[in-house]
There are 2 protein chains.
Amino acid sequence: MLELRLVQGSLLKKVLESIKDLVNDANFDCSSTGFSLQAMDSSHVALVSLLLRAEGFEHYRCDRNISMGMNLGNMSKMLKCAGNDDIITIKADDGSDTVTFMFESPTQDKIADFEMKLMDIDSEHLGIPDAEYQSIVRMPSAEFSRICKDLSSIGDTVVISVTKEGVKFSTAGDIGTANIVLRQNTTVDKPEDAIVIEMKEPVSLSFALRYINSFTKATPLSETLTISLSSELPVVVEYKVAEMGYIRYYLAPKIEEEEDTNV
Amino acid sequence: MLELRLVQGSLLKKVLESIKDLVNDANFDCSSTGFSLQAMDSSHVALVSLLLRAEGFEHYRCDRNISMGMNLGNMSKMLKCAGNDDIITIKADDGSDTVTFMFESPTQDKIADFEMKLMDIDSEHLGIPDAEYQSIVRMPSAEFSRICKDLSSIGDTVVISVTKEGVKFSTAGDIGTANIVLRQNTTVDKPEDAIVIEMKEPVSLSFALRYINSFTKATPLSETLTISLSSELPVVVEYKVAEMGYIRYYLAPKIEEEEDTNV
DNA sequence: CCGAGGGAAT
DNA sequence: ATTCCCTCGG
């Protein structure tokens with residue numbers, strides 16, 4: 001028996017908007033500690049890792065670990081039927097092959113339940129090693145999104161370079177080249193506007209903008225994000241989900257060929 | 001060496017939106033007095049003339065006259081990467097075959113530079129004679145845009161007729177005819193809402209709406225525009241660019257055949 | 001807060 | 001031509 005009650009239902013709606021374009025089907029894993037998902041994108045290049053901790057739910061009951069395979073497109077369709085202020089409850093009976101989403105309007109005047117068939121999905125639980133990163137950048141998520149969108153109108157690869165002074169995003173394409181430099185800045189009015197560079201070693205890596213741009217679907221989840229970079233390791237782009245968890249996107253760097261022409 | 005710093009960068013963004021659909025490639029001419037462009041549209045029917053005076057820039061350095069051939073589509077793509085509040089600097093080194101656009105965010109936290117290849121373009125500097133016009137109409141640019149859009153759903157030619165009382169925009173097409181009359185009106189709350197007719201002689205001329213409608217891309221640049229009309233002369237549709245210059249569109253009248261059926 | 005409409009980008 | 005985004009109105 002599973003019953004997870006999330007007062008801020010809009011969070012779950014946003015979480016699905018953040019992953020459904022990247023991943024078609026995935027297993028949600030539910031244990032006593034939380035609700036999580038880990039999946040490769042459909043082209044098997046990027047990896048998404050979601051965690052919503054049990055403490056973030058108003059009510060959290062999960063009698064035994066279960067893995068529920070869902071089609072994220074269909075799940076997203078159902079969650080779109082929840083109002084942004086609705087309380088969402090996820091329910092599944094033991095042994096059932098369905099999951100139920102219940103939406104309660106704030107006034108309790110409207111109660112909806114949507115039942116969805118579960119699917120069997122081969123899950124490939126890639127262990128994600130906890131790594132030390134050479135550089136970690138924290139910045140406003142909207143700014144990151146804007147930069148990556150802008151650069152993709154020029155090229156299809158972004159080079160992210162971190163030095164102590166700041167972070168540089170570069171690209172090159174047929175029509176020209178572009179460099180956008182953000183300098184470290186922690187003396188801002190609102191802390192979420194800060195650009196914080198935590199650099200152990202300078203690093204410069206290339207990534208396909210196509211994937212980075214789909215990561216930025218998570219922008220509505222959090223005002224800030226962190227980008228963790230190390231040579232030879234996949235970059236980690238992390239958005240916190242309120243106080244209850246995170247979405248992390250992993251993407252392997254492109255092997256540099258001629259990209260270093262404009263670093 | 002060329003270095004032009006424009007604090008209100010959104011002006012340059014809007015200027016490009018105003019001409020890039022009409023002209024594919026053009027030379028920007030830079031002299032000590034200003035930054036200008038003059039080009040025929042790609043079908044060689046309409047003419048665009050842009051002037052941004054040196055005084056409108058915060059910093060203006062142009063050591064010697066140069067002509068820089070640019071693809072306006074690509075330039076527009078790059079300028080779209082500037083924020084509306086950004087300060088834009090245009091730079092070119094002597095003898096270089098590239099131009100650099102630099103965008104500084106208001107807070108200076110973000111500095112971007114975009115480099116674009118210049119092109120060789122045959123420029124045909126048509127001298128534009130300064131003419132006396134029989135009638136000049138000043139009116140809100142949004143209203144002109146709306147009228148021309150509306151009329152083009154009925155016909156493909158607009159007849160603009162000016163009398164002392166007002167200005168009439170007419171069209172005719174398969175489904176019927178349309179006449180929109182604006183009477184002179186200077187007693188308005190906001191001066192930019194005025195409709196001012198400066199008539200020496202009544203005039204009535206026909207124009208292809210297709211071109212007029214692409215002129216109205218400049219509507220965001222200015223609340224008002226002027227339409228200068230004389231028989232046998234191209235109409236001039238002028239939008240002021242803040243305090244620093246203008247965009248003028250020239251279009252020859254259609255020779256009237258059967259259009260007088262609904263004048 | 002939601003839905004519809006319009007404009008822009010691909 | 002389609003889809004997405006953003007703005008406006010209820």
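In what follows, every chain begins at residue 1, and chains take the letters A, B, ... in the order their sequences are listed.
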List for me each residue that meets side chain to side chain donor-acceptor pair (under 3.5 Å) alongside B:K20, sequence neighbours excluded, and say none if there are none. B:E17

For B:N74, check side chain to side chain donor-acceptor pair (under 3.5 Å) against everything at least two apart and list the hits. none

Charged N-O contact under 4.0 Å between B:K117 and B:D97: no

Provide a list of protein-nucleic acid N or O atom pairs under 3.5 angstrom, restricted to nucleotides 7-10 of chain C.
from  : atom 1 : to    : atom 2 : distance (Å)
C:dA9 : OP1    : B:K80 : NZ     : 2.9

Plane angle bin for B:F215 and B:Y249 - parallel if under 30°, tilted between 30 and 60°, otherwise perpendicular: parallel

Separation of atom CG in B:D150 from atom C1' in C:dG6, rounded to whole Å: 14 Å

Rounded off to whole Å, could you give me the CG-to-P distance for the A:D85 and C:dC1 pair? 5 Å

I want to know whether A:Y60 and A:F35 have ring centres closer than 6.0 Å. no

